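Owing to the predicted nature of the structure, the values given are computational and were not obtained by experimental measurement. Note that ligands are numbered from 1 as they come in the structure, with each ligand's atoms numbered from 1 the same way.
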Amino acid sequence: MEESGLAAEITELFEGIGLKPPAEQEGTLIAVSPIDGSKLASFRRATPAMADEAIKRAQTAFLEWRETPAPRRGELIRQYGDLVRDNKEPLSRILSIDCGKSLAEARGEIQEVIDICEYAVGLSRQLFGLQIACERPGHRMAEAWHPVGVFAQISAFNFPAAVWSWGTMVALVCGNAAIWKPSEKAPLTALACGGLLDQVINRFEDAPANLSQVMLGDGAIGRVLADDRRIAVISATGSTTMGRDVAGRVAARLGRSILELGGNNAAIVTPNADMDLAIEGCVFGAAGTAGQRCTTMRRLIVHEDIHDEFLDRMRQGYGQLRVGSPLDESAHVGPLIDQAAFEGMQAALDAAREQGGQIWGGERVLEDAFPGAFYARPAIAAMPGQTPIVLTETFAPILYVMKYRDLEEAIALNNAAPQGLSSSIFSTDMRETELFLSHAGSDCGIANVNIGTSGAEIGGAFGGEKDTGGGRASGSDTWKNYMRRSTNTINYSSQLNLAQGLKFGASAA
Ligand code: NAD
């Protein structure tokens with residue numbers, strides 16, 4: 001495989017942030033840039049024996065770290081957030097070269113890491129339990145939250161930094177030790193973000209060594225982590241196929257998993273929508289990040305009265321999109337992650353045609369400029385209905401457009417997907433939007449009004465239902481997923497009163 005100037009740039013970027021450049025090892029794990037298909041570095045894959053050692057080290061670190069008061073743990077995360085802020089530009093460039101995300105979106109993702117650090121710092125003084133009314137006189141009942149142990153994060157290629165930070169920054173503040181198994185398709189971002197965290201841990205007086213570890217490898221090492229009962233909580237982000245495997249393995253050992261899996265997100269556009277705003281929201285939602293966000297808009301359900309005009313305007317919007325290198329700031333749409341993703345896109349478009357769809361776009365472009373990479377024009381597929389391919393998540397920029405007649409039908413179409421991650425409605429009619437948000441509305445973990453399906457903020461719980469896995473990461477009260485709950489009943493009287501008025505032995509006399 002060819003090397004290009006990108007490998008040299010990666011070396012410079014790593015040195016610039018005070019990290020050893022990713023070494024050329026004997027390994028078989030090869031980091032390839034989706035920008036031009038060139039080799040960036042190669043690595044040794046973690047073996048089960050290496051995973052065993054890493055988990056032992058993490059267990060030792062955990063026992064020490066849980067003794068550090070939570071606000072002090074927050075101070076470590078504050079220092080890490082500052083370091084990421086100072087290195088935002090080089091980290092964004094590494095991320096862009098590593099996973100092919102546009103520089104603007106890469107900056108947004110690194111900003112998300114900074115934001116989650118700030119959130120976790122605040123949380124470090126807010127890990128609270130409840131005081132609960134107790135039926136027995138002279139007793140007090142309360143719940144306490146304690147660190148849970150070793151936390152492992154398996155992450156997907158498309159958010160190679162943010163997803164890790166959602167889990168790991170919170171898990172560390174909660175007093176756990178962390179192991180990260182990043183995607184084999186985007187390992188450099190993990191080495192950079194994990195390497196900077198090591199710098200902070202190494203100079204932080206109260207932080208044990210090996211508090212955070214990065215383990216490179218593919219699904220095989222992910223399965224080792226899923227099977228290991230010493231991993232108290234495992235968060236896995238990726239495809240539903242991966243999640244089913246991880247869920248089964250973790251359930252078999254009665255462990256705890258947080259699953260953030262595939263999405264097949266729809267937007268409903270009603271005749272009462274602000275059309276300009278809806279077009280803008282739908283073009284970005286469907287074509288941004290080259291359709292490689294879990295929250296990418298993949299289905300568009302448009303009222304029959306406005307369907308044809310809306311479709312025309314969407315096509316005009318798509319016509320203005322520039323496909324190009326993510327490092328070229330004038331490009332809107334970057335490459336697909338690899339050849340398999342491009343082939344998956346073509347297969348889905350063929351299936352859509354067979355199922356009665358009319359397709360615009362989808363063809364490979366920039367093949368002369370980047371023969372080793374896979375750039376495709378985002379596709380729109382006007383469908384006769386919600387056919388099987390529409391109900392399948394294809395991780396590429398394909399937007400399926402369908403008609404509806406009444407809102408209940410549109411909501412039923414939205415909810416018919418096996419996945420339940422994100423959804424939105426474009427309407428200025430309060431009756432329509434409130435129905436969509438109600439218990440009888442969207443069944444997804446995320447339901448938006450007058451914005452697209454993507455672009456969540458870190459303060460809200462993130463995740464979805466059904467085939468999306470049911471997990472929640474990031475904001476709201478999701479920190480509870482990273483701790484164990486202890487219910488405490490304290491008797492401060494001199495009587496042994498039993499609950500439910502039970503009399504036993506001497507107390508029954
Ligand atoms: P993927 O499932 O191929 O890989 C994700 C991660 O899981 C990688 O680190 C991989 O090595 C690991 N893995 C694969 N098989 C495994 C197994 N059997 N056991 C343990 N680990 C295993 O996904 P991808 O192609 O990297 O990412 C795209 C998918 O991720 C899409 O389906 C997308 O919707 C989803 N995604 C979901 C979210 C979310 O928050 N819901 C966020 C980002 C991506």
Side-chain angles (χ1 to χ4, degrees), residues 29 34 43 45-46 48 51 98-101 109 112 152-167 179-187 189-190 214-228 231 234-252 255 257-265 289-298 336-342 344-345 392-396 417-422 444-446 453-456 458 460-475 478:
L29 188 68
F43 306 98
R45 288 162 200 265
D98 196 25
C99 79
K101 192 172 273 195
E109 181 162 352
E112 198 168 330
Q153 176 79 56
I154 295 175
S155 58
F157 80 82
N158 66 323
F159 274 94
V163 163
W164 162 73
S165 69
W166 293 347
I179 294 177
W180 182 9
K181 209 276 322 148
S183 167
E184 62 277 24
K185 296 178 198 164
T189 308
V214 177
M215 223 161 55
L216 299 184
D218 54 18
I221 205 69
R223 287 190 281 277
V224 169
L225 292 174
D227 283 337
D228 199 306
I231 305 288
I234 186 161
S235 177
T237 301
S239 58
T240 296
T241 308
M242 175 279 289
R244 276 191 216 290
D245 189 21
V246 169
R249 289 167 188 274
V250 178
S257 59
I258 303 168
L259 300 173
E260 299 282 350
L261 311 176
N264 191 355
N265 318 293
T289 328
Q292 297 174 118
R293 283 188 186 221
C294 51
T295 50
T296 288
M297 190 186 294
R298 306 199 181 279
L336 292 168
I337 186 72
D338 57 18
Q339 183 168 357
F342 177 74
M345 179 177 181
T392 308
E393 183 199 39
T394 301
F395 214 55
Q419 308 85 351
L421 180 54
S422 186
C444 295
I446 298 169
T453 51
S454 61
I458 58 133
F462 184 91
E465 306 300 335
K466 303 188 293 186
D467 279 6
T468 304
R472 293 293 187 279
S474 190
T478 58

To which protein heavy atom is atom 2 (O) of ligand 1 closest, and what is the distance rounded to 0.1 Å? S239 OG, 2.6 Å
Between atom CG of L225 and atom CD1 of I221, what is the distance when rounded to the nearest 0.5 Å? 6.5 Å
Around atom 18 (N) of ligand 1, find the nearest protein heavy atom and jot down its residue, atom name and distance. D245 OD2, 2.7 Å
the protein heavy atom lying closest to atom 22 (C) of ligand 1 turns out to be M242 CG, 3.3 Å
Taking it one step at a time, do T453 and T296 satisfy side-chain contact (heavy atoms from CB on, under 4.5 Å)? CA-CA 6 Å; T453 51; T296 288; 5.9 Å; no
Option set S155, G243, G238, P160, criterion heavy-atom distance to atom 9 (O) of ligand 1, minimum: S155
Let me see the working for D98 and T189 under side-chain hydrogen bond (donor to acceptor under 3.5 Å, both in side chains), right down to the final yes or no. CA-CA 7 Å; D98 196 25; T189 308; 2.7 Å; yes
Nearest 0.5 angstrom please: E393 CD to S239 OG, how far? 8.0 Å
For V224 against A51, the heavy-atom pair lying closest together: CG1-CB, 3.9 Å
Is the closest heavy-atom distance from A226 to ligand 1 below 4.0 Å? no
Counting heavy atoms under 4.0 Å, the part of A236 that contacts ligand 1 is neither
Out of G222, C294, G445, indicate the one that has the non-hydrogen atom closest to atom 36 (N) of ligand 1. C294
So is A186 touching ligand 1 or not, going by heavy atoms under 4.0 Å? no
Which is it for E184 and ligand 1 at heavy atoms under 4.0 Å: side chain, backbone, both or neither? side chain
Between L261 and ligand 1, is there a nitrogen or oxygen pair with a distance under 3.5 Å? yes
The atoms of ligand 1 lying under 4.0 Å from a heavy atom of K185, numbered in the order shown, are 25 (O)
min-distance protein heavy atom vs atom 27 (O) of ligand 1 -> A156 CB, 3.4 Å
Going by atom types alone, do W166 and E260 pair a side-chain donor with an acceptor below 3.5 Å? no
State plainly whether the residues R223 and D227 are in salt-bridge range, i.e. N to O under 4.0 Å. no
Consider every N or O of T468 and every N or O of ligand 1, then say whether any pair is closer than 3.5 Å. no
If you define the side chain from C-beta out and look only at heavy atoms, does anything of S422 sit under 4.5 Å from C444? no
Take every heavy atom of R249, measure it against each atom of ligand 1, and state whether any distance is under 4.0 Å. no
In the protein, what heavy atom is nearest to atom 34 (O) of ligand 1, and what distance, to one decimal place, separates them? E393 OE2, 2.6 Å
Taking atom 40 (O) of ligand 1 as the point of reference, which of F157, W180, F462, F395 owns the nearest heavy atom? F462
Side-chain donor or acceptor of S183 paired with backbone N/O of K185 under 3.5 Å: yes
Under 4.0 Å, counting heavy atoms only: does F159 come that close to any atom of ligand 1? no
Per-atom filter on ligand 1: closer than 4.0 angstrom to a heavy atom of G263 are 34 (O)
Could you find the nearest protein heavy atom to atom 44 (C) of ligand 1 and give me its residue, atom name and distance? N158 OD1, 3.2 Å
Could K101 and F159 be counted as a cation-pi pair, given that NZ or CZ must be under 6.0 Å from the ring centre and within 45° of the axis? yes
For atom 19 (N) of ligand 1, what's the nearest protein heavy-atom neighbour? Residue, atom name and distance, please. R223 CG, 3.3 Å
Looking at T237, N264, L421, T289, which one forms a side chain to side chain contact (heavy atoms under 4.5 Å, CB included) with C294? L421
Can you tell which of V163, I154, L259 gets a heavy atom nearest to atom 7 (O) of ligand 1? I154
Which atoms of ligand 1 have any heavy atom of P182 under 4.0 Å away? 9 (O)
Protein heavy atoms: any of them under 4.0 Å from atom 4 (O) of ligand 1? no
Salt-bridge criterion met for R244 and D467 (N-O under 4.0 Å): yes
Among T237, T394, N265, V246, the residue with a heavy atom nearest to atom 42 (C) of ligand 1 is T237
Heavy-atom side-chain contact between K466 and P418 under 4.5 Å: no
Which atom pair, heavy atoms only, marks the closest approach of G463 to R472? C-NH1, 3.5 Å
